[in-house]
Amino acid sequence: MRQQIKRMGAAAAVLTLATVFPPAAQADNWWEKIKVKGDLRYRHEMLDFGDKDPRNRQRIRARLGFFGEASPYTKIGIQLSTGTGDPVSTNQTLDDGFSNKRVGLDLAYFEATHPKLPGLAVTGGKFYNPFFKPGHSELIWDSDWNPEGGVVRYDRDLESVSLLFVGSGLWIDERSSGDDSYLAAGQAMARVRLNEKNSSLAFGAAYYNYVNTQGFQPFFDPGDAMGNSVVELDDDGETVLLFASDYDLIEVFGEFTHELNAVPMTVMADFVTNTAADSLETGWLVGVNIGKAKKAGSVDFRYIYRNVEADAVVGIFTDSDFRDGGTDGKGHELGGSVQLADNTTLSLSYFINDFGLETETPLDFNRLQVDLQLKF
């Protein structure tokens, strides 16, 4: 009898373990839930500042990301990339005698959802830019800007209208002996589908409130305000730069898309004003994208004009290619791409800009970029 009881107990234990911890043969393989993707970009770049001799350089960007599920309702993303720590650039210049190039953490985030709360997502860590940018333009945020903190996002798709609401708290500078700097922001957008969905109109607004900016040193590089107005102080014989203004930004934007004979077109407009500044507080951008380089042999073209006054936005986070990064500039951006093969694109960009507009001698700035980008 005791032997039968032992056998019955052992069988029950095995059944319980099999129920709670199914055999590996029945469970999903963990690697099947992970998506690996990456890209390599090789760039030739020419820079021409005012009366200086043109500068030519070769640059690379490499990124490798791993994206998977921690649970049915929680996703995780981790990405490594080249770069020098710059918050808006992952490029590495080919120089320094064939030295090794730096690699850093570009993304590390979770995204949580729940079926009882459709359309709602909570994201934390270091993640992709959560804010909508008309035509993927870069008036306020550079395309490589990956913020840090937390975001709540809500998407609602109705019959002919899509709605987007974003609220976020983003950490900028943590100071051991002073107030921290952070960004509290919110954005709302609606997209209306027209003409049997061949066209759409998107429009919206956003508010970006930088806390503890005025009187603090410029973010990332204390010695370079990237066009923003500063106050210079003498600290034991060294010059210290401090932001001269706070940054409370109001943005309004619009985007119109249309497809004609299978050729997509996007017209964009973006406007921002810094309500905390007394002057030099506005920035605006208009542009057009035509075509989409997706299939082999397909092409696209873009044109953008913008004017960004010194304190319209925080200079370190705006487009790092326009006027060599920062504010207090205006001018043209032209570009195009051709899809050479699957996952292989050749692109060209040309910037014709002026910067230092508030100085006695504004400078001309021209930048040519030729990119070969390969993805997997």
*For the side-chain contact (heavy atoms from CB on, under 4.5 Å) test, which of Val103, Asp144, Asn146, Thr84 pairs with Thr90?*
Asp144

*Mind checking whether Tyr128 and Leu139 sit in one hydrophobic cluster, side chains of I, L, V, M, F, W, Y counted as touching below 4.5 Å?*
yes

*Ion pair Glu138/Arg306, N-O distance below 4.0 Å*: no

*State, yes or no, whether a side-chain contact exists between Asp328 and Glu358 at a heavy-atom distance under 4.5 Å.*
yes

*Name the orientation class of the two ring planes belonging to Trp141 and Phe317 (parallel below 30°, tilted from 30 to 60°, perpendicular beyond 60°).*
tilted

*Answer yes when Arg57 and Asp95 have at least one side-chain N-carboxylate O distance shorter than 4.0 Å, and no when they do not.*
no

Please list, one pair per line, the donor and acceptor atoms closer than 3.5 Å that link side chains of residues 246-258 to other protein atoms, with sequence neighbours excluded.
| from | atom 1 | to | atom 2 | distance (Å) |
| --- | --- | --- | --- | --- |
| Asp246 | OD1 | Gln214 | N | 2.9 |
| Tyr247 | OH | Asn228 | ND2 | 3.4 |
| Tyr247 | OH | Asp311 | OD1 | 2.8 |
| Glu251 | OE1 | Tyr208 | OH | 3.0 |
| Glu255 | OE1 | Gly135 | N | 2.6 |
| Glu255 | OE2 | Arg191 | NH1 | 3.2 |
| Glu255 | OE2 | Arg191 | NH2 | 2.7 |
| Thr257 | OG1 | Ser200 | N | 3.4 |
| Thr257 | OG1 | Ser200 | OG | 2.5 |
| His258 | ND1 | Ser199 | OG | 2.5 |

_Check: Leu64 and Phe376 side chains under 4.5 Å, non-hydrogen atoms_ = yes

*Under 4.0 Å between a Lys/Arg side-chain N and an Asp/Glu carboxylate O for Asp39 and Arg41?*
no

_Here's a test for you: under ring-ring contact (aromatic ring centres under 6.0 Å, His included), which of Phe351, Phe49, Tyr350 qualifies with Phe365?_
Phe49

*asked:* Before we go on, tell me: are the rings of Phe322 and Phe355 under 6.0 Å apart, centre to centre?
replied: no

_Is any side-chain heavy atom of Asn56 closer than 4.5 Å to one of His44?_
yes

